[in-house]
Amino acid sequence: MSIRVYNTLTHKKEPFKTIEDKKVRLYVCGPTVYDNAHVGHAMSTLVFDIIRRYLEYRGYQVQHVMNYTDVDDKIIRRANALGKDPQQLAQTYIDKYDQHLSDLNILPATFKPRATGEMQNIIDFVQDLIEKGFAYVVDGDVYYRVRKFEPYGKLSHRNVDEMRSGARIDVDERKEDPLDFALWKAAKPGEPSWHSPWGEGRPGWHIECSAMSMAHLGDQIDIHGGGNDLVFPHHENEIAQSEALTGREFATYWMHNGMLQLSGEKMSKSVGNLITIEDFLKDHPADVLRLMVLNSGYRSPLTFNDEVIEQAHKALERLQSGLKPDLPGAEGAPAEDITALSDQCKATRSGFETCMDDDFNSAGALGNLFELVRVINQARANGATLQQLDEAQALLRELSSVLGLRLENGQTSHAADAFINLLVELRTELRAKKEWELSDRIRDQLLELGVVVEDSVKGSTWYWQ
RNA sequence: GGCGACGUGGCCAAGCUGGCAAGGCAAGGGUCUGCAAAACCCUCAUCACGGGUUCGAAUCCCGUCGUCGCCUCCA
């Protein structure tokens with residue numbers, strides 16, 4: 001009964017062992033805040049939220065860091081194009097992203113550092129690398145000496161010599177080797193910059209994560225996560241920086257989520273096939289997106305299209321159906337239904353854990369929840385009372401929330417309930433008098449207001465859609 | 001071109017340290033019902049293709065085809 005985790009480093013599922021007992025240090029690469037985030041970003045953050053929630057369910061205390069890259073070429077370029085201050089632009093998108101995370105029911109990270117807030121850590125880190133001979137200064141730029149770090153390529157499984165031929169981007173003559181990457185960039189006129197021993201400048205992207213991870217989680221962490229498009233060069237470079245500095249293994253497990261696919265292609269800014277989180281949430285509950293993520297393996301590409309969204313919608317309603325109250329006039333289900341319920345509860349919890357223990361197999365775990373729903377609904381159909389359903393429904397709620405599903409309709413106010421009850425009661429009287437036309441009209445119009453009325457022989461129930 | 005992942009019913013997918021192919025959606029049939037909806041019951045796949053290993057393979061090995069990712073900013 002232990003958790004197994006697929007490690008990009010080894011290409012294998014490995015038993016999960018933390019550095020410190022029952023404590024997990026988790027670092028996940030966050031967004032560069034230069035534009036609205038899209039559902040691909042949401043997928044990544046959902047994946048690691050699910051992982052975090054499950055680890056907590058399993059009794060781990062999770063120290064979770066997610067960074068914001070708030071200084072970078074793209075931010076500067078966009079700010080200039082819009083005639084805005086880069087820092088303000090970044091702040092705008094940080095605020096928006098924070099709101100998205102909350103809308104998506106993503107647990108707030110323990111720390112959410114920003115590159116601009118960590119300048120001293122970054123500068124110290126770079127200075128240390130220079131002193132150790134892993135970096136060199138050229139005209140106010142600082143570069144990492146890739147060939148000096150022996151294991152370079154161990155994460156992305158490439159070797160340095162093969163990469164050389166692939167390095168076809170403008171070779172900077174000032175670098176010792178085309179593979180070397182920037183740790184610090186000298187400021188150009190008008191760019192945001194910070195004082196450093198090498199002059200005014202700003203950090204490169206890769207060093208930020210290494211520095212922030214180390215500052216908040218220490219030299220060694222348990223899990224480093226991110227999208228699989230970050231494996232090379234970003235994470236490879238993080239390893240090079242961090243391990244050169246400390247001489248110790250940076251992260252035990254490297255976990256990478258697959259890309260969200262829109263019409264057969266990775267959703268990305270450069271392809272231009274974006275759906276923003278904002279737009280998605282305008283049309284769909286957050287649970288729908290989460291369900292889409294849960295329904296496929298986190299490492300696989302996620303198919304994203306209208307049909308799949310619709311399917312997730314229906315699947316969500318199916319899960320919610322398990323939480324409906326007993327039928328009107330329920331008088332108790334036969335003993336075999338009650339036995340089946342409690343058997344299923346045991347089977348569901350253990351099946352759920354077996355799946356999630358196996359590299360967070362959320363699709364399998366979901367399958368277990370759907371089986372629980374079926375047995376609950378069977379019992380209800382056979383007259384189970386709310387009390388008889390209680391244990392199973394509580395379990396359904398509990399495990400759904402481990403996956404981060406709310407399963408609620410978002411209706412927080414019950415102010416209207418009394419009025420709706422009244423309408424439904426009146427309608428029951430109309431039905432008794434066979435006034436079908438009027439009672440159907442009430443049902444239809446309530447539906448338009450978001451209230452679903454369900455009739456049965458013994459009466460009617462209603463709920464918010 | 002190099003490295004890697006993947007290819008399971010109409011759709012999304014689990015299973016892949018080998019032994020009767022989860023689950024959701026859709027579809028068809030039925031129960032219930034004034035109608036509708038919901039719920040319940042039933043039906044619906046031999047796992048890209050070709051070889052091989054094995055008593056036995058969706059699961060292991062080789063090859064072919066196809067899709068996708070990375071190699072450049074990217075969750």
Inset, instruction - Please give the nucleotide sitting opposite B:C16 as a Watson-Crick or G-U wobble pair, both distances under 3.5 Å, or none. - result: none
Inset, instruction - For nucleotides B:C32 and B:C16, find the distance between their C1' atoms and express it as a whole number of Å. - result: 43 Å
Legend entry - N/O donor-acceptor pair under 3.5 Å between A:Glu371 side chain and A:Asn368 backbone: no
Legend entry - Between P of B:C73 and CG of A:Leu274, the distance in whole Å: 19 Å
Inset, instruction - Look at all strands and tell whether A:Asp440 reaches a base, only sugar-phosphate, or nothing, counting heavy atoms closer than 4.0 Å. - result: base
Inset, instruction - Using a heavy-atom cut-off of under 4.0 Å over every strand shown, decide if A:Lys13 touches base, sugar-phosphate, or nothing. - result: nothing
Inset, instruction - Count the heavy atoms belonging to other residues, nucleotides or ligands that lie under 6.0 Å from NZ of A:Lys17, then report whether that count exceeds 12. - result: no
Inset, instruction - Please work out if A:Arg431 contacts a base, only the sugar-phosphate, or nothing of the nucleic acid, heavy-atom cut-off 4.0 Å. - result: base
Inset, instruction - Would you mind checking if A:Arg58 and A:Glu353 are paired as a salt bridge, meaning a charged N to carboxylate O distance below 4.0 Å? - result: yes
Legend entry - Presence of salt bridge, A:Glu278 and A:Lys96, under 4.0 angstrom: yes
Inset, instruction - Sticking with atom C1', work out how far B:A21 lies from B:U46, rounded to a whole angstrom. - result: 8 Å
Inset, instruction - Would you indicate whether the side-chain heavy atoms of A:Lys175 and A:Tyr144 approach each other to under 4.5 Å? - result: no
Legend entry - Span that lies between the C1' atom of B:G66 and that of B:C49, in whole angstrom: 10 Å
Inset, instruction - Please give the nucleotide sitting opposite B:U43 as a Watson-Crick or G-U wobble pair, both distances under 3.5 Å, or none. - result: B:A27
Inset, instruction - Would you indicate what A:Leu366 reaches in the nucleic acid, counting non-hydrogen atoms under 4.0 angstrom: base, sugar-phosphate, or nothing? - result: nothing
Inset, instruction - Could you give the distance separating B:C47 and B:G19 at their P atoms, to the nearest angstrom? - result: 16 Å
Inset, instruction - Ignoring hydrogens and angles, answer whether the base of B:G4 and the side-chain atoms of A:Arg158 contain a donor-acceptor pair closer than 3.5 Å. - result: no
Inset, instruction - Let me know the distance between CD of A:Glu371 and P of B:C40, rounded to the nearest Å. - result: 13 Å
Inset, instruction - Give a yes or no on whether a donor-acceptor pair under 3.5 Å exists between the nucleobase atoms of B:C11, that is its base, and the side chain of A:Gln311. - result: yes
Legend entry - Of the listed nucleotides B:G69, B:A14, B:C11, the one nearest the side chain of A:Lys266: B:G69
Legend entry - Complementary nucleotide for B:G1 - Watson-Crick or wobble, under 3.5 Å: B:C71
Inset, instruction - Mind checking A:Gly40 for me? I need base, sugar-phosphate or nothing, with any heavy atom below 4.0 Å counting as a touch. - result: base
Legend entry - Polar side-chain atom of A:Glu454 near backbone of A:Ser460 as donor-acceptor pair, under 3.5 Å: no
Inset, instruction - Specify the residue among A:Asn377 and A:Asn257 whose closest nucleotide of RNA chain B lies further upstream toward the 5′ end. - result: A:Asn377
Inset, instruction - Check every strand shown and say whether A:Leu369 touches a base, only sugar-phosphate, or nothing at a heavy-atom separation below 4.0 Å. - result: nothing
Legend entry - Counterpart base for B:U54, defined by Watson-Crick or G-U wobble contacts under 3.5 Å: none
Legend entry - Nearest-nucleotide pick for A:Glu454, side chain only, options being B:C68, B:A38, B:G34: B:A38
Inset, instruction - Indicate yes or no: at least one non-hydrogen side-chain atom of A:Arg202 is less than 4.5 angstrom from one of A:Ile76. - result: yes
Legend entry - Distance-only donor-acceptor test, A:Arg443 side-chain atoms vs B:A36 base atoms, 3.5 Å: yes
Legend entry - Which nucleotide in B:C25, B:C41, B:G69 has an atom nearest any side-chain atom of A:Gln378: B:C41
Inset, instruction - Could you please name the option among B:A14, B:G69, B:C25 that lies closest to any side-chain atom of A:Ser300? - result: B:A14
Inset, instruction - Consider the side chain of A:Asn295, meaning its heavy atoms from C-beta on, and name the nucleotide among B:G34, B:G23, B:A14 that approaches it most closely. - result: B:G23
Inset, instruction - Using the C1' atoms only, state how far B:G24 lies from B:C44, rounded to an integer number of Å. - result: 15 Å
Legend entry - Minimum-distance nucleotide to A:His157 side chain [options: B:A26, B:C3, B:G34]: B:C3
Inset, instruction - Determine the Euclidean distance between corresponding P atoms of B:G15 and B:C6; express it in Å to zero decimal places. - result: 11 Å
Inset, instruction - Compare the minimum distances between each of B:A14, B:A26, B:C71 and the side chain of A:Asn361, then state the nucleotide with the smallest one. - result: B:A14
Legend entry - Whole-angstrom distance between B:C35 and B:G28, as gauged at atom C1': 22 Å
Legend entry - Selection from B:A13, B:C35, B:C70 that lies nearest to any side-chain heavy atom of A:Asp229: B:C70
Inset, instruction - Counting Watson-Crick and G-U wobble pairs only, both distances under 3.5 Å, name the nucleotide matched with B:G66, or none. - result: B:C6
Legend entry - Proximal nucleotide (of B:A75, B:U33, B:A37) relative to the A:Val457 side chain: B:U33
Legend entry - 5′-ward residue of the pair A:Ser321/A:Tyr6 relative to RNA chain B: A:Tyr6
Inset, instruction - Determine, for A:Tyr6 and A:Lys13, whether the Lys NZ or Arg CZ falls below 6.0 Å from the six-membered ring centre while staying within 45 degrees of the axis. - result: no
Legend entry - Closest to side chain of A:Glu307, choosing from B:C11, B:A36, B:A75: B:C11
